Amino acid sequence: MAYTSSSLHLHKLLLLPKTHRSKLSSSSQPRSFVPVAKINGVNGHSKKAPHNGKVQINGDGGGKKGVNGKGGAVNGSGKKGAAGVNGKTTHINGHDRIHLSVSTGGAGGQDGFGLRVAFQGAPGAYSEFAAKTALPGCDTVPCRAFADALAAVDGGAVDRAILPVESTMEGTALRNYDLLLRHDLVVVQEINLFVHYCLLAMPGVRAAEVRRVISHPMALAHCGRALALLGVDREPVEDTAGAVEMLRSNRMLDTAAIASPRAADLYGLDVLAHGLQDESWNVTRFLLLSKPPSPVTLPMDADAKTSMVIAHRGGSMMVVLKVLSAFSSRNINLTKLEVINNDGGGGAAAGTPVMILDTSARGAPTLRAFPHVLYVDCEGASHDPRVLDAIQEIERFAVFVRVLGCYAADSNVYDLQ
């Protein structure tokens, strides 16, 4: 069930993929969160799957048998496949899916017992499920805003915070990197979660009775075609799980919510339709953050990733080429390179500089404004001599460099099904 791995294609990012394999550690306690696949080539497209059946990601399953004998393509256009929950659910946009019924430990083999993890949203949010997948057994703490989750770590109220930072549909439009840069926190773990949107309603409500759909604005946008087919009004709320909570607490019988299938289980709602998203391959990358120094120790032979931010004076193309040269000359692959300029590139407001907390400043850490910034993820640990040499070379021509964290590289994509 683990596909040959490569880099996750994210909009607005320059990626230098390298094929490799990652390992998942098993846990004595089975979990219901399962890896749906390894990230398979650019955009996750694959011709064949190396295990158990002929599975295609974003492909035409043609009704062929997949893992555990459930036909169809993974979010593809399978002619046959699972009919849904108890045969009562509908698949929208032709996204029949294979449910990989395996049980694994936490992402990267980490144990979350005794850890408190802050997330944005209400119980049942995708961020909460990502946290519980990354750290099985952890206690999750809901927060109203992403900034509140980071403040909870800063203040010592929790051990970790989890932030969604990239999406295959939105790129880095979430802009949570900007929040991260304002805090003295380090990245200690990553996890990729397959976002599977469902249409949820109060028990007994039929799809024909729904007149309005509520959810997070991004979820509504991601499901635009399906909602147009249903002919319903759309109303944005703060988050997907909050929409479900509102639906349940107010017993809305003419309203449905877009959220995860796990949220349906948590709140006791019916799933009227699976796979509402317009794009079948819908993956969000999350980062887990902690106060420095990093509490996670990586083995010397571990597949590691280092994240950093580089500020420069301008002349973006020349700086990009110098950064690429610093890594390529040492045979170091990049998995992320994003360029942000003060002219509004990368989603920032026009003329607005990026604020970065300079933790190396004498005395108290100081917020500094930089108009030109690069976000870089590279393969290798920050203590690797090759990575250290590359960073030192970049520091000679950059205005400012800050390593955001070093953590285990996890190229699995986890599913809530």
Side-chain angles (χ1 to χ4, degrees), residues 106-108 110-123 125-135 137-166 172 174-191 193 238-239 241-242 284-298 305-311 340 347-348 352-370 373 375-377 382 400-408:
Q110 297 195 36
D111 187 353
F113 287 98
L115 295 179
R116 288 167 56 81
V117 182
F119 70 95
Q120 185 275 330
Y126 287 99
S127 292
E128 182 183 31
F129 292 126
K132 288 182 175 293
T133 306
L135 296 169
C138 71
D139 295 321
T140 50
V141 179
C143 298
R144 183 176 180 86
F146 292 117
D148 297 333
L150 296 183
V153 184
D154 265 340
V158 298
D159 304 288
R160 305 274 199 281
I162 188 165
L163 289 183
V165 292
E166 296 162 358
T172 54
L174 299 169
R175 302 314 322 156
N176 281 332
Y177 273 108
D178 295 351
L179 278 176
L180 166 59
L181 298 182
R182 294 170 175 262
H183 293 263
D184 185 14
L185 300 175
V186 292
V187 181
V188 296
Q189 194 174 350
E190 68 172 347
I191 183 167
L193 187 70
E238 287 188 350
D239 58 83
T284 296
R285 181 185 181 217
F286 295 82
L287 296 179
L288 284 99
L289 312 171
S290 173
K291 295 182 71 171
S294 174
V296 178
T297 302
L298 294 177
K305 185 182 288 186
T306 298
S307 295
M308 66 193 75
V309 59
I310 301 166
I340 294 182
T352 303
V354 177
M355 303 301 296
I356 305 177
L357 187 68
D358 185 355
T359 57
S360 64
R362 293 182 179 180
T366 304
L367 271 176
R368 299 175 61 186
F370 297 102
V373 167
Y375 292 124
V376 175
D377 288 351
S382 56
F400 175 77
V401 177
R402 175 180 155 192
V403 174
L404 301 176
C406 174
Y407 47 95

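This one's a predicted model, so the numbers in the text were calculated from it and none came from an experiment.
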| request: Would you tell me whether Q120 and S127 have side-chain atoms, one donor and one acceptor, within less than 3.5 Å of each other? | output: no
| field | Modelled atom types, side-chain donor and acceptor of D377 and S307, under 3.5 Å | value | yes
Provide the closest heavy-atom pair for [X] versus [Y] in the form atom of the first, atom of the second, distance.
X: A408; Y: L298; value: N-CD2, 3.6 Å
X: A118; Y: C143; value: CB-SG, 3.9 Å
X: A241; Y: A125; value: CB-N, 3.3 Å
X: A161; Y: A149; value: CB-O, 3.6 Å
X: A131; Y: I162; value: N-CD1, 3.5 Å
X: L150; Y: L163; value: CD2-CD1, 3.9 Å

Is the closest side-chain heavy-atom distance between [X] and [Y] below 4.5 Å?
X: Y177; Y: L287; answer: yes
X: I356; Y: R402; answer: yes
X: I340; Y: V354; answer: yes
X: C138; Y: F113; answer: no
X: L289; Y: R160; answer: no
X: K291; Y: V153; answer: yes

Which distance, rounded to the nearest 0.5 Å, do you find between the [atom1] of [X] and the [atom2] of [Y]?
X: E166; Y: Y375; atom1: CD; atom2: OH; result: 10.5 Å
X: D159; Y: D139; atom1: CG; atom2: CG; result: 9.5 Å
X: N176; Y: F146; atom1: CG; atom2: CZ; result: 4.5 Å
X: I191; Y: L288; atom1: CD1; atom2: CG; result: 7.5 Å
X: L179; Y: L185; atom1: CG; atom2: CG; result: 10.5 Å
X: L135; Y: R116; atom1: CG; atom2: CZ; result: 14.0 Å

Mark yes or no for whether [X], through its side chain, and [Y], through its backbone, hold a donor-acceptor pair below 3.5 Å.
X: D358; Y: L367; answer: no
X: T359; Y: L357; answer: no
X: D239; Y: G242; answer: yes

| message | Could you work out, with ring-ring contact (aromatic ring centres under 6.0 Å, His included) as the rule, every residue matching Y126, not counting sequence neighbours? | response | Y197
| request: Please lay out, stage by stage, how F286 and L193 fare under the test side chain to side chain contact (heavy atoms under 4.5 Å, CB included). | output: CA-CA 8 Å; F286 295 82; L193 187 70; 3.7 Å; yes
| query | Which one of L404, V376, V403 satisfies the side chain to side chain contact (heavy atoms under 4.5 Å, CB included) criterion with T306? | reply | V403
| task | Report the C-alpha distance between R285 and E190 in whole Å, list the side-chain angles of each, state the deciding distance to 0.1 Å, and finish with yes or no for side chain to side chain contact (heavy atoms under 4.5 Å, CB included). | result | CA-CA 7 Å; R285 181 185 181 217; E190 68 172 347; 3.0 Å; yes
